[in-house]
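The structure appears below as structure tokens.
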Number of protein chains: 2
Amino acid sequence: MIYTIKAVAEKTQLSIDTLRYYDKEGLLPFVSRNRSGYRAFTDGDLRLLKTITCLKNTGMKLREIRQYIAYVMQGPSSVPQRQAMLTAHRATILAEQQRVLANLKELDMKLDIYNSPQATELITVERAYAKAEKVANGLQDPYQ
Amino acid sequence: MIYTIKAVAEKTQLSIDTLRYYDKEGLLPFVSRNRSGYRAFTDGDLRLLKTITCLKNTGMKLREIRQYIAYVMQGPSSVPQRQAMLTAHRATILAEQQRVLANLKELDMKLDIYNSPQATELITVERAYAKAEKVANGLQDPYQ
DNA sequence: ATAAACCCTCGACCTAACTCCAGGGCAAGC
DNA sequence: GCTTGCCCTGGAGTTAGGTCGAGGGTTTAT
């Protein structure tokens with residue numbers, strides 16, 4: 001099957017403008033044109049596009065994705081490089097997940113305070129302490 | 001204790017420019033100035049800054065963080081709003097983690113192929129298929 | 001009392017990743 | 001053969017989140 005850019009936009013959830021932008025940025029060297037100069041996407045192109053969105057959705061920069069696609073265009077000889085890229089990216093993703101989880105834990109502690117029955121009291125005390133710290137140092141009190 | 005912007009930058013891993021940028025954007029209404037107009041950070045300010053970086057590290061936009069801080073400045077009366085914001089943000093974080101994990105699973109399938117002993121063969125076949133698809137549709141073959 | 005190291009503001013500049021628009025070519029239905 | 005709806009390019013504009021430099025005041029050590 002051949003798909004127009006509009007059909008691909010619908011299938012991939014990327015906008016037409018984004019697809020053209022990706023092409024301009026060299027992410028879609030595999031997309032051919034028909035006699036009128038229109039982009040003609042094949043099913044194979046859609047599979048590569050799927051890979052691109054996977055990489056993008058996991059936070060890879062367009063510049064790196066372009067490099068990965070360049071390896072793909074190069075053929076089977078670049079398998080080691082692709083393997084290395086994906087393995088490194090995989091580690092980056094997992095590290096980022098851990099970083100987010102650590103921060104989430106901190107936020108959950110804040111939520112515990114807000115959810116506690118003494119929330120108002122705890123907040124009031126903390127605020128009084130922050131005010132006192134300002135006053136003790138001769139600073140203007142931003143809490144009024 | 002009172003800290004200069006430089007000391008805070010070192011403690012928080014944010015650059016001095018970023019701290020000033022956050023202040024300009026209204027994220028640091030709690031930071032007071034000394035007689036010379038220099039920012040004077042207290043320990044309480046550092047705790048709030050820690051909250052800000054937690055929110056930022058989990059993907060919250062500066063505009064939302066500003067709103068959260070505005071609630072904090074408002075005092076204990078805004079506890080319900082803060083609770084709502086953090087709870088909603090928590091859900092956003094978890095959803096994003098799931099989204100990333102789903103995409104990671106896809107990438108792992110690609111990696112499985114690259115790691116397989118028949119990697120080169122599999123890639124070669126896939127490429128031949130993609131080429132054939134182009135030719136069959138009278139398109140130029142971008143794989144040479 | 002002077003040099004070095006800070007601090008301030010303001011405004012320009014930057015990067016990534018789009019998004020939009022103008023101007024113009026093709027395609028499909030009536 | 002005309003209208004409507006696609007498609008194209010090039011280039012300008014946008015948003016988020018900084019980053020940098022100029023010009024000028026302050027603090028600290030010698």
Side-chain angles (χ1 to χ4, degrees), chain A residues 1-29 31-42 45 49 52-69 89 92 96 99 103 137-140, chain B residues 1-29 31-42 45 49 52-69 89 92 96 99 103 137-140:
Chain A
M1 261 314 273
I2 293 294
Y3 309 90
T4 64
I5 198 169
K6 191 189 183 197
V8 174
E10 280 158 8
K11 268 184 194 294
T12 60
Q13 305 276 54
L14 296 171
S15 76
I16 290 178
D17 277 328
T18 298
L19 285 166
R20 288 206 265 248
Y21 170 68
Y22 284 0
D23 197 4
K24 185 156 47 171
E25 289 299 300
L27 271 68
L28 314 182
V31 176
S32 304
R33 304 294 182 113
N34 66 18
R35 313 153 213 69
S36 311
Y38 291 12
R39 290 173 187 83
F41 293 80
T42 63
D45 294 347
L49 219 32
I52 288 174
T53 55
C54 267
L55 293 172
K56 187 180 76 93
N57 287 340
T58 49
M60 190 183 276
K61 303 278 181 207
L62 297 192
R63 186 177 321 127
E64 285 179 274
I65 297 178
R66 175 171 52 207
Q67 176 64 71
Y68 178 80
I69 293 295
H89 183 53
T92 304
E96 173 62 14
R99 207 180 61 94
N103 282 280
N137 286 288
L139 300 170
Q140 206 215 308
Chain B
M1 259 315 272
I2 292 293
Y3 309 90
T4 65
I5 198 170
K6 190 189 184 198
V8 173
E10 280 156 9
K11 270 183 194 293
T12 59
Q13 305 277 52
L14 297 172
S15 77
I16 290 178
D17 278 329
T18 298
L19 285 167
R20 288 206 265 247
Y21 172 66
Y22 284 1
D23 197 4
K24 186 157 44 172
E25 289 299 301
L27 271 68
L28 315 182
V31 177
S32 303
R33 304 296 182 110
N34 67 18
R35 315 153 212 68
S36 311
Y38 291 12
R39 290 172 187 83
F41 293 80
T42 62
D45 293 347
L49 218 31
I52 288 174
T53 56
C54 266
L55 294 171
K56 186 180 77 96
N57 287 340
T58 49
M60 190 183 276
K61 304 280 181 206
L62 297 192
R63 186 175 320 127
E64 285 179 274
I65 298 178
R66 175 171 51 208
Q67 176 64 71
Y68 178 80
I69 293 295
H89 183 52
T92 305
E96 173 62 13
R99 208 180 60 95
N103 282 281
N137 286 288
L139 300 171
Q140 206 214 309

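Atoms considered below: every heavy atom in the structure, side chains included; atoms not considered: hydrogens, waters and symmetry mates. Throughout, protein chains are lettered first and strands after them, A, B, ... in sequence-line order, and every chain is numbered starting at 1.
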Whole-Å distance between [N] [atom2] and [X] [atom1]?
{"X": "A:E10", "N": "D:dG5", "atom1": "CD", "atom2": "C1'", "answer": "13 Å"}
{"X": "A:R35", "N": "D:dC8", "atom1": "CZ", "atom2": "C1'", "answer": "16 Å"}
{"X": "B:I16", "N": "D:dT19", "atom1": "CD1", "atom2": "P", "answer": "12 Å"}
{"X": "A:L19", "N": "D:dT9", "atom1": "CG", "atom2": "C1'", "answer": "16 Å"}
{"X": "B:M60", "N": "D:dA16", "atom1": "CE", "atom2": "P", "answer": "15 Å"}
{"X": "A:I2", "N": "C:dA27", "atom1": "CD1", "atom2": "C1'", "answer": "17 Å"}
{"X": "B:D17", "N": "C:dC8", "atom1": "CG", "atom2": "P", "answer": "11 Å"}
{"X": "A:Y3", "N": "D:dC7", "atom1": "OH", "atom2": "P", "answer": "15 Å"}

Query - Closest non-hydrogen atom pair, A:L55 against A:T58 - result: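 Here A:L55 and A:T58 meet closest at O-OG1, 2.9 Å.
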Query raised in the report: Of B:L62 and B:N34, whose closest DNA chain D nucleotide lies nearer the 5' terminus?
Result: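 Nearer the 5' end of the strand: B:L62.
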Query raised in the report: So which one's nearest nucleotide on DNA chain D is more toward 5', B:Y38 or A:T4?
Result: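 It is A:T4 whose nearest nucleotide is closer to the 5' end.
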Query raised in the report: Between A:S15 and A:S36, which is nearer to the 5' end of DNA chain C once each is assigned its nearest nucleotide?
Result: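 Its nucleotide being nearer the 5' end, the pick is A:S15.
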Query raised in the report: Start at the 5' end of DNA chain C and walk down; is the nucleotide closest to B:D23 or to A:Y21 reached first?
Result: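 Result: B:D23.
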[X] (side chain) donor-acceptor with [Y] (main chain) under 3.5 angstrom:
{"X": "A:S32", "Y": "A:A40", "answer": "no"}
{"X": "B:D45", "Y": "B:T42", "answer": "yes"}
{"X": "A:N34", "Y": "A:S36", "answer": "yes"}

Query raised in the report: B:L49 and side-chain contact (heavy atoms from CB on, under 4.5 Å): which partner among B:L27, B:V31, B:L28?
Result: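 That would be B:L28.
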If you restrict it to nitrogen or oxygen atoms, what contacts under 3.5 Å exist between nucleotides 10-14 of chain C and the protein, and what is each distance?
none

Query raised in the report: With sugar-phosphate meaning primed atoms plus P, OP1 and OP2, does A:R33 contact a base, only sugar-phosphate, or nothing at under 4.0 Å between heavy atoms?
Result: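 Contact class for A:R33: sugar-phosphate only.
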Query raised in the report: For B:Y22 and D:dG18, is the shortest distance between a side-chain N/O and OP1 or OP2 below 4.0 Å?
Result: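 Checking B:Y22 against D:dG18: at least one side-chain N or O falls below 4.0 Å of OP1 or OP2.
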Please determine, for the side chain of [X], which listed nucleotide ([options]) has the closest atom?
{"X": "B:T18", "options": "D:dT19, D:dC8, C:dC18", "result": "D:dT19"}
{"X": "B:K6", "options": "C:dA17, C:dC7, D:dC7", "result": "C:dC7"}
{"X": "B:R39", "options": "C:dC20, C:dA17, C:dT9", "result": "C:dT9"}

Query raised in the report: Any side-chain heavy atom of B:I2 sitting closer than 4.5 Å to one from A:L139?
Result: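 Contact flag for B:I2/A:L139 side chains = yes.
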Query - Reported CD-to-CD1 distance for the pair A:E25 and A:I65, which is rounded to 0.5 angstrom - result: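 Reported to 0.5 Å precision, the distance equals 11.5 Å.
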